[in-house]
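Letters A, B, ... are given to chains in the order of the sequence lines, protein chains preceding strands, and every chain is numbered from 1. The figures that follow rest on heavy atoms only: side chains count, while hydrogens, waters and symmetry mates do not. Treat the numbers as computed from the prediction; the structure is a model and nothing was measured.
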Number of protein chains: 2
Amino acid sequence: MNAPISLKTVTLHDVAKAAGVSLITASRALSNPGVVSEKTRARVQQAVEATGYIPNLLAGGLKSKRSLMVAGIVPALSVSQFLPTLEALSTALAAEGYQLILGQTAYDPDREEAVLNTMISRQPDGIVMTGLVQSPRAQERLRRSGIPVVETWDLSDRPVDMVVGFSHLKVGGAVAGYFLSKGWQKVGVATGGDSRAMQRREGFVATMGREVPTAVVPAPSSLALGRRALAELLEKEPGLKAVCCSSDTLASGVLVEALARGLRIPQDLAVCGFGDADFSAHTVPSITTVHVDGPGIGTLAARMILARCRGERPAQPIVDLGFRLVERASTA
Amino acid sequence: MNAPISLKTVTLHDVAKAAGVSLITASRALSNPGVVSEKTRARVQQAVEATGYIPNLLAGGLKSKRSLMVAGIVPALSVSQFLPTLEALSTALAAEGYQLILGQTAYDPDREEAVLNTMISRQPDGIVMTGLVQSPRAQERLRRSGIPVVETWDLSDRPVDMVVGFSHLKVGGAVAGYFLSKGWQKVGVATGGDSRAMQRREGFVATMGREVPTAVVPAPSSLALGRRALAELLEKEPGLKAVCCSSDTLASGVLVEALARGLRIPQDLAVCGFGDADFSAHTVPSITTVHVDGPGIGTLAARMILARCRGERPAQPIVDLGFRLVERASTA
DNA sequence: CTGTTAGCGCTTTCAT
DNA sequence: ATGAAAGCGCTAACAG
């Protein structure tokens, strides 16, 4: 039963010939089996096996206007914050026969625009952005393209199309409120420089009611940058009592640096992160953080895109998934 | 609130008409500018702007047999080990106009086969696997497809096509050799259950010259699993002196659990990881590990695929990038 | 340098 | 339930 080594690619035409049916019947047997007779279906199926046929989705997509691809855009793959979202998105899409094409913007609006143009060229059936679309020209182009777009990990009154996320301002406010309830006065912020992290800082400052010492570190955040940020903050504010970090990764660095300096946590210094990373509950001390449903965002984004592909109107184009402050040992 | 939605999509035909040239001239002006006159090129360019034309790569790819897409296959996006490779791969490809389509196998050969079939359907110009192709049927299918394939993060005498990585057996052996040189007798292994991690364990055991207590944890590895693994090992081997971990994430968990139990590192317990994660040099104590050039693997894989797309034969279809043991505080 | 002629492999009409 | 025709939007060939 060794299959013939076919140098020439096997097309549907070959399958049809092998099955003794017309091209279009073979096509239907594969993509719409309910509409052909049981016998024909079986014959075609057998011909597929015999020839080793693999469909050409490029050709199908050209005619049917469905590429079965969805573009997923992130600042960078190394921003681990978005991985659970991407993973859930990819899994949910794959279950329906859709594949994810990846794009990286490097937090640069120009690159974002370029990436989106390239993506549109590939006729994806949907586009999922982590974060809002920055460039106004890109927004315009996306609207014109008619492609379903879901912006995620943020909220907007006027999304390009749909948005699922939460308010970063409120997150910052919630952490500040928590700090205030603890009576901590000498507080600082260790944050990445991206717009969402800066918005959380803004919310924090607003609720605190005054400016606070801040260390801004470049993306992507890392344990090492967390250490450096704490060092910077302690210089600015020697008696620092609590730090609000823009990620758990940064928070873990703050933890390490604090321990290295002999500071006890939380007695000498309280630390709060963001994102509820997989390690945060298991470090010693465990990290107080803001939990966000990353996989939920990805799954919901997939559902919204797929519904739109089926021609359904979204019940809700703007979805606020909220967040939850998780109190752990680093502040308790 | 609705922008002027162009209902009909702008095609190259429209651009050509607007520029007053033939369809094919417009095509050339965009994809092969050197071959048309400067004046024509400018006219077409202007028509592109005026019409808001975005090329349809699906259509172009169908005819030209170049989809400008490369498939990247990982066990799961959450396996952070492969992220630097994926990121570098995507970046290197994007620089040449190629995009990455993502596939996840969940460490399952059946899913691997399914994912690869789906990918082949999309006519990618190359396929990059993290790890070797497991399923023999998938191997066969890939060979038949004629698509350039690079397997990574491992080595093989008989790759499907090309391979760039290193020997996991040798990694295990190197760590064991290091442990032996330190005179540690009561040693253990904390490892993920995937085939590459198990191969490193094999290499470790072979060089040690005897079986060693082992805790196997499910993928993906995490700090929490590292803690659990150390607990398990300490039960199996109460006087444990050194642990070889299959990832730095696991090692960081072992560190935390050891500290929680009042064990001093490295005096009471030495710990070695694998992968040289970004945090490993900055924890306290810093983690001894095996460094692998993840981005290098991705960049090289991209280069090999792109060279093949240009019709070049690869100078070396099998590339051993090696590894490097990095001694840090957790064993020194 | 530019244009004409043919398709790429498949799926949508429309017919039977 | 099946088939024939007609392209999807673009580019490789060959002309001119």
Please find the pair of heavy atoms, one from [X] and one from [Y], that lie closest to each other, and give the distance.
X: A:Asp14; Y: A:Thr9; value: OD2-O, 3.9 Å
X: A:Val163; Y: A:Leu155; value: CG2-CA, 4.1 Å
X: A:Arg196; Y: A:Asp154; value: CG-OD2, 3.5 Å
X: A:Ile305; Y: A:Val70; value: CG2-CG2, 4.0 Å
X: B:Ala106; Y: B:Arg111; value: CB-CD, 4.2 Å

So, the side chain of B:Ser121 versus the backbone of A:Asn56: is there a donor-acceptor pair under 3.5 Å, distance only?
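Not confirmed, B:Ser121 side chain does not pair with A:Asn56 backbone.
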
May I ask you to list the residues of residues 12-36 of chain B, by number, that have any heavy atom positioned under 4.0 Å from an atom of DNA chain D?
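Under 4.0 Å from DNA chain D: B:Leu12, B:Leu23, B:Ile24, B:Ser27, B:Arg28.
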
Test of understanding: with side chain to side chain donor-acceptor pair (under 3.5 Å), list the residues that count as partners of B:Asp161, not counting sequence neighbours.
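Here the qualifying residues are B:Arg308.
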
Considering residues at least two apart in sequence or located in another chain, which fulfil the side chain to side chain donor-acceptor pair (under 3.5 Å) criterion with B:Ser22?
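B:Ser22 satisfies side chain to side chain donor-acceptor pair (under 3.5 Å) with B:Thr25 only.
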
First of B:Glu38 and B:Leu62 reached from the 5' end of DNA chain C, by closest nucleotide
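On the 5' side of the pair lies B:Glu38.
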
Which salt bridge (Lys or Arg N to Asp or Glu O under 4.0 Å) pairs, counting each pair once, include a residue from residues 127-139 of chain B, with sequence neighbours left out?
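Listed by first then second residue: B:Glu113-B:Arg137.
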
Not counting sequence neighbours, list each pair that qualifies as a ring-ring contact (aromatic ring centres under 6.0 Å, His included) and has a residue in residues 134-153 of chain A.
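Listed by first then second residue: A:Phe82-A:Trp153, A:Trp153-A:Phe166.
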
Any residue of residues 64-71 of chain A with a heavy atom less than 4.0 Å from an atom of DNA chain C
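Those residues are A:Ser64, A:Arg66.
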
Short of 4.0 Å, heavy atom to strand atom, which residues of residues 39-51 of chain B count as contacting DNA chain C?
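Contacting residues: B:Thr40.
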
If you measure from CD1 on B:Ile73 to OG1 on B:Thr105, what distance do you get to the nearest 0.5 Å?
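Interatomic distance, B:Ile73 CD1 to B:Thr105 OG1, rounded to 0.5 Å: 8.0 Å.
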
If I take atom CZ from residue A:Arg28 and atom CG from residue A:Leu23, how far apart are they, to the nearest 0.5 angstrom?
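Those atoms lie 10.0 Å apart.
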
On DNA chain C, reading 5' to 3', which nucleotide is the first and which the last to sit with an atom under 4.0 Å from a heavy atom of chain A, could you check?
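Extent of the interface on DNA chain C: C:dG9 to C:dT12.
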
Run the side chain to side chain contact (heavy atoms under 4.5 Å, CB included) test on B:Ile127 and B:Val160 for me, step by step, so that the C-alpha distance in whole Å, both residues' side-chain angles and the decisive distance to 0.1 Å come before the verdict.
CA-CA 11 Å; B:Ile127 297 179; B:Val160 168; over 6 Å; no

Heavy atoms, side chains only, cut-off 4.5 Å: are A:Leu116 and A:Arg141 in contact?
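With C-beta onward as the side chain, the pair stays apart.
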
Is any side-chain heavy atom of A:Arg122 less than 4.5 Å from a side-chain heavy atom of B:Leu68?
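A:Arg122 vs B:Leu68: side chains touch.
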
State, to the nearest 10°, the angle formed by the axis through the first five base pairs of the helix from C:dC1-D:dG16 to C:dT16-D:dA1 and the axis through its last five.
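Axis angle across the helix from C:dC1-D:dG16 to C:dT16-D:dA1, nearest 10°: 30°.
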
Could you tell me from which nucleotide to which nucleotide of DNA chain D, 5' to 3', there is an atom under 4.0 Å from chain B heavy atoms?
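Using the under 4.0 Å cut-off, the span is D:dG9 to D:dA13.
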
Acceptor/donor pairs from residues 88-96 of chain A side chains to any protein atom, 3.5 angstrom cut, sequence neighbours excluded:
{"from": "A:Ser90", "atom 1": "OG", "to": "B:Gln104", "atom 2": "NE2", "distance (Å)": "3.3"}
{"from": "A:Thr91", "atom 1": "OG1", "to": "A:Glu87", "atom 2": "O", "distance (Å)": "2.8"}
{"from": "A:Thr91", "atom 1": "OG1", "to": "B:Gln104", "atom 2": "NE2", "distance (Å)": "3.3"}

Expected list for residues 310-317 of chain B: side-chain donor-acceptor pairs under 3.5 angstrom, two or more places apart:
{"from": "B:Arg310", "atom 1": "NH1", "to": "B:Glu312", "atom 2": "OE2", "distance (Å)": "3.0"}

